[in-house]
Number of protein chains: 2
Amino acid sequence: MKPITQNIQDYLKEIYTLTDGGEAASTTALAARLGIAPASVTGMVQKLAGGTHPLVNYRKHQGVTLTPEGKRAALEVIRHHRLLETYLVTMLGYSWDNVHEEACRLEHFISEEFESRIAVALGNPIRDPHGELIPTPELEMPSDESLALSALRPPQKAVIVRVRADDSALLRHLESLGLVPGAKIQAVEYSLFDHNLRIQVDEKLPIVVGSAISDKIFVVCNPL
Amino acid sequence: MKPITQNIQDYLKEIYTLTDGGEAASTTALAARLGIAPASVTGMVQKLAGGTHPLVNYRKHQGVTLTPEGKRAALEVIRHHRLLETYLVTMLGYSWDNVHEEACRLEHFISEEFESRIAVALGNPIRDPHGELIPTPELEMPSDESLALSALRPPQKAVIVRVRADDSALLRHLESLGLVPGAKIQAVEYSLFDHNLRIQVDEKLPIVVGSAISDKIFVVCNPL
DNA sequence: AATAAAAATTAGGTGTGACTAAATTATAGT
DNA sequence: ACTATAATTTAGTCACACCTAATTTTTATT
Ligand SMILES: [Mn+2]
Ligand SMILES: [Mn+2]
Ligand SMILES: [Mn+2]
Ligand SMILES: [Mn+2]
């Protein structure tokens, strides 16, 4: 029962997101996400894969995946992160482009009591300010049937539920375009060549977005 | 400009409280407060006293005091701690005997923005839930003219402004006796021999407190 | 002033988590 | 199949902040 340090939590969190698509996470990808040298990742990953209750599965040159134990630990931190972001925006007036850093620090240090109290204060929310799903107290990740805005075709209509971005500048840009969770979208025109999509946001004048943006926005077509 | 780590912050905070009475803090006293070995303290203190901008003044066998730089850093952490305790109690429903640990962890990781936002949300409070003074945003410690309850003599009257205790069990005990900030006290009887003081709290039936308790409670005699 | 006790420091060592440089293994193009 | 490139691992270091054991310095007692 060795302790799960802040560092290890950050590793697990990144492994979780990198393996979300089903594939093992490569050393290099992890190193890039964590901002450290690949060699350092190899060393840490070997440690995490050892012992009696390994947090990750790892075979040389084959990449890393989470064990059930590791996944639980990752979801715990992700729940902290997303609840914190929600709390900072809703209760303390942070802007949505400014919460990530604060949440990423505090997520490692709040107690279960703190987690539970802010969850109650917020009414046990399911999504954070960016629409990311918040794992339940039992650490289940809710399922999400949204699709990328880039898959929308005229004349489909949809509602934004999620924006996948941590970057401040991008978030501010999206907000200025009205591309925030809850916004109503209608696809107006699609260009096969550059994958640009012309959309109408909340019945305003149409705007054109490239795939760098439309890949990061997720919508549901027939919301209840 | 080497970074002030969490560990260093805890050292500075303890040195601040130990040197509050004017005397230098001894290695042993610091070690006891921090729960580490005296030899470790010596090592750290030597480091803190070195470099171009030392955080402490230190001469072998003479104890430690804070430099102006070190004092600033200590007050910054103390402000964080006390604002956090106040926020946890006022906004999140923590009980006053349960906030210390959470605040002592988070104090090292909140940003200046977080500090400022909770201060505003609380209306820039001057005292934390135990009545401890909160350093100003400019890191000045307000002055406190309170005196120990143990110095009160019949038939003096006073109001509790501060309770000096981090220990949960003691705090719960004090609360059960009504000995909380704001309570009105009248000294009824004093025993020279065992220093017991019989007091009336908020016009209830008198109780007797020993000096272990009355030394930790601070009052003002003529509140405005 | 001598000496016993207490306080503080030095010496040597540990685990964590990073680094760089060098070596190895895998992948892709010809 | 061969080879160049890219990905990954190994080897060797380092800073941090702690530890125990041994030594030195201070202080208190007689
Ligand atoms: Mn985030
Ligand atoms: Mn983090
Ligand atoms: Mn406290
Ligand atoms: Mn602390």
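Numbered from 1 within each chain, the chains take letters A, B, ... in sequence-line order. Remember, predicted model here, so these are calculated numbers, not experimental data.
- For Glu112(B), the side chain to side chain contact (heavy atoms under 4.5 Å, CB included) partners are Glu76(B), His80(B), Glu115(B), not counting sequence neighbours.
- For the pair Leu34(A) CG and dT16(C) C1', the computed distance is 16 Å after rounding to whole Å.
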Nucleotides 17-24 of chain C: protein proximity per nucleotide (B base, S sugar-phosphate only, - neither; heavy atom, under 4.0 Å): SSBBB---
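- One interatomic measurement links the two molecules: CG of Leu48(B) to P of dC16(D), which rounds to 11 Å at whole-angstrom precision.
- Applying the ring-ring contact (aromatic ring centres under 6.0 Å, His included) rule to Phe109(A) yields the partners Phe109(B); only residues at least two apart in sequence or on another chain are considered.
- Among pairs with a residue in residues 40-49 of chain B, none fulfils salt bridge (charged side-chain N to carboxylate O under 4.0 Å, His left out), at least two apart in sequence or across chains.
- Taking atom CD on Gln62(A) and atom P on dT9(D), their separation rounds to 9 Å, with Å as the unit.
- Taking 4.0 angstrom as the limit, Lys60(B) places a side-chain polar atom (N or O) nearer than this to OP1 or OP2 of dT10(C).
- For Arg33(B), the side chain to side chain contact (heavy atoms under 4.5 Å, CB included) partners two or more places apart in sequence, or in a different chain, are Glu14(B), Thr17(B), Leu18(B).
- Ser146(A) pairs by the side chain to side chain contact (heavy atoms under 4.5 Å, CB included) definition with Asp144(A), Val161(A), Arg162(A), Phe218(A), Val220(A), not counting sequence neighbours.
- One finds a side-chain N or O of Gln46(A) lying less than 4.0 angstrom from the OP1 or OP2 phosphate oxygen of dT10(D).
- Geometric assessment of Arg117(A) against the ring of Tyr94(B) yields a positive cation-pi assignment under the 6.0 Å and 45° thresholds.
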Quick test: give all pairs of protein nitrogen or oxygen and nucleotides 13-15 of chain D nitrogen or oxygen below 3.5 Å, distance rounded to 0.1 Å.
none

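- Applying the side chain to side chain contact (heavy atoms under 4.5 Å, CB included) rule to Lys71(B) yields the partners Tyr16(B), Leu66(B), Leu75(B); only residues at least two apart in sequence or on another chain are considered.
- The list of salt bridge (charged side-chain N to carboxylate O under 4.0 Å, His left out) pairs with a residue in residues 87-111 of chain A, not counting sequence neighbours, reads Lys13(A)-Glu107(A), Asp97(A)-Arg172(A), Glu102(A)-Arg105(A).
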